[in-house]
Amino acid sequence: MNFISEYSFEYPYALLLFLIYIFCKYFCKKSLVGVYFSNVLVLEEISKNSKDYQKYLEFLMVFYLVLALASPIIKKEYEKQTSLGHEILINVDASQSMNQDNRFAITKSIVQTFIDKRENDSLALMLFAQNVYIASPFTYDKKPLKDILKYIEIGVAGNIGTSLYESMYSSVKMFENSTAKNKVLILLTDGINTVENIPLEIAIAAIKKSDIKVYTIGVGQDSDFNIEVLSSIANYTGGKFYKTVDAYGLIEIYDEIDKLEKSEIKTDKKVKIDYYYQYPLFFA
């Protein structure tokens, strides 16, 4: 990803006010009532320095005010070069059951390592517990993903219940506009669904219809997750089931994803604007 900086004014026409000021200063003289004084030369000498000082201050004040009105800005255009990669949605279980045996901390560590290893892939992050919500849409920028991950805690998606199957069903919408040849869903969970709003069969059918491969990851010891459910989800969708106790036990999943055919993925150009009107305003 690269960016180009561009210096400009948000309201450049405001600079014309300075020309109007100069024009009026010299051609719009106001009429003054005549005052007679016995020694004009002495008065001019006394007030000369004071007039020059005020003239310069007035000029600078108007100049900086007009500059602030024009609003100087720096535009940074970020553009992602076309590259070959995958679109991967990371779906994380943030329910209360993941609080046991340090499972959630291990999960965050796994996701952190996974993000670092995916160089050219477009990644998204989804969380589920009682509710399901999108923590980050698809992006190539790893920093916001890792920042979000850092502050995620148990309870952020609700405290009662685990909407595992609903999260799978909702994942389909994330890939709605995807043109990737291989759409990948990484599901980190204990495989225990407690909210019966979407049947497992319906969730799997929706995922298969969208041609999404689901790689399920059970975190912790074998007794900590539902192997049967996680295995069936992976098998029915063409993915694989893995189990691990730490972030470094998933070398196989990285290799497996790397074997999938990559797609040419493009992103739109984005523009970030930094405002600097406050500096000339301060000097004014």
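Residue numbers start at 1 and run along the sequence shown.
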Search all heavy atoms of A203 against all heavy atoms of M168 and return the closest pair with its distance.
->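 The answer is CB-CB, 4.1 Å.
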Where L230 and G218 come nearest, the two heavy atoms and their spacing |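 Scanning both residues completely, I find the closest heavy atoms to be CD1-CA, 3.8 Å.
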Y242 vs T216, side-chain contact (heavy atoms from CB on, under 4.5 Å): CA-CA, chis, key distance, verdict = CA-CA 6 Å; Y242 299 89; T216 55; over 6 Å; no
Between [X] (side chain only) and [Y] (backbone N and O only), is there a donor and an acceptor less than 3.5 Å apart?
{"X": "S178", "Y": "M174", "answer": "no"}
{"X": "T107", "Y": "R103", "answer": "yes"}
{"X": "N193", "Y": "Y165", "answer": "yes"}
{"X": "S122", "Y": "Y140", "answer": "no"}
{"X": "S210", "Y": "I207", "answer": "no"}
{"X": "T237", "Y": "V214", "answer": "yes"}

Return the orientation label for the F59 and F18 ring planes: parallel under 30°, perpendicular over 60°, tilted otherwise.
->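 Judged by the thresholds at 30° and 60°, the geometry between F59 and F18 is perpendicular.
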Single-linkage hydrophobic cluster, 4.5 Å side-chain cutoff, [X] and [Y] together:
{"X": "L65", "Y": "I73", "value": "no"}
{"X": "Y64", "Y": "L69", "value": "yes"}
{"X": "F9", "Y": "F282", "value": "yes"}
{"X": "Y215", "Y": "Y236", "value": "no"}

Side chains of [X] and [Y]: closer than 4.5 Å at any heavy-atom pair?
{"X": "V111", "Y": "V92", "result": "yes"}
{"X": "Y169", "Y": "I202", "result": "yes"}
{"X": "I217", "Y": "K243", "result": "no"}
{"X": "L15", "Y": "V66", "result": "yes"}
{"X": "I186", "Y": "N91", "result": "no"}
{"X": "I233", "Y": "L200", "result": "yes"}
{"X": "L123", "Y": "T139", "result": "no"}
{"X": "L17", "Y": "L19", "result": "no"}

May I have the step-by-step check of side-chain contact (heavy atoms from CB on, under 4.5 Å) for I192 and L164, ending in yes or no?
-> CA-CA 7 Å; I192 302 170; L164 171 61; over 6 Å; no
In Å, rounded to the nearest 0.5 Å, how long is the span from [atom1] of [X] to [atom2] of [Y]?
{"X": "I198", "Y": "S163", "atom1": "CD1", "atom2": "OG", "answer": "9.5 Å"}
{"X": "I212", "Y": "N182", "atom1": "CD1", "atom2": "CG", "answer": "11.5 Å"}
{"X": "M98", "Y": "T189", "atom1": "CE", "atom2": "OG1", "answer": "6.0 Å"}

Could you walk me through whether V184 and L89 pass the side-chain contact (heavy atoms from CB on, under 4.5 Å) check?
-> CA-CA 6 Å; V184 177; L89 171 59; over 6 Å; no
Just wondering, more than 12 heavy atoms not from K240 lying within 6.0 Å of its NZ?
->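 Result for NZ/K240: open.
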Between the side chains of E58 and Y21, does any donor sit under 3.5 Å from an acceptor?
->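 There is such a pair between these side chains.
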Indicate whether any N or O donor in one side chain lies under 3.5 Å from an N or O acceptor in the other, for S95 and D93.
->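 Short answer, yes.
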In sequence, state the C-alpha distance, the side-chain angles, and the governing distance for F283 and F63, and then conclude on ring pair (Phe, Tyr, Trp, His ring centres under 6.0 Å).
-> CA-CA 10 Å; F283 286 115; F63 173 76; over 10 Å; no
Output all residues satisfying side chain to side chain contact (heavy atoms under 4.5 Å, CB included) with I227, sequence neighbours left out; order by chain, then residue number.
->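 By the side chain to side chain contact (heavy atoms under 4.5 Å, CB included) rule, I227 matches D222, F225, S231, F241.
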Taking ring-ring contact (aromatic ring centres under 6.0 Å, His included) as the test, write out the residues that go with Y11, two or more places apart.
->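 Partners of Y11 by the ring-ring contact (aromatic ring centres under 6.0 Å, His included) criterion come out as none, since no residue qualifies.
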Quick one: side chain to side chain donor-acceptor pair (under 3.5 Å) partners of E166, sequence neighbours excluded?
->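 For E166 the side chain to side chain donor-acceptor pair (under 3.5 Å) partners, ignoring immediate neighbours, are N197.
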Any side-chain hydrogen bond (donor to acceptor under 3.5 Å, both in side chains) pairs touching residues 273-284, not counting sequence neighbours?
->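 Passing the test, one end in residues 273-284: E10-Y275.
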What's the verdict on side-chain contact (heavy atoms from CB on, under 4.5 Å) for F175 and F138, showing C-alpha distance, side-chain angles and the deciding distance?
-> CA-CA 9 Å; F175 291 100; F138 281 106; 3.5 Å; yes
Which donor-acceptor pairs under 3.5 Å do side chains of residues 142-152 form with protein atoms, sequence neighbours excluded?
unit_1	atom_1	unit_2	atom_2	d
K142	NZ	I115	O	3.4
K142	NZ	D116	O	3.1
K142	NZ	R118	O	3.4
K143	NZ	D147	OD2	2.9
K146	NZ	D116	OD1	3.0

Identify every side-chain donor-acceptor pair in residues 124-136 under 3.5 Å, counting partners at least two apart or on other chains, and give the distances.
unit_1	atom_1	unit_2	atom_2	d
Q130	OE1	N159	N	3.4
Q130	OE1	I160	N	3.3

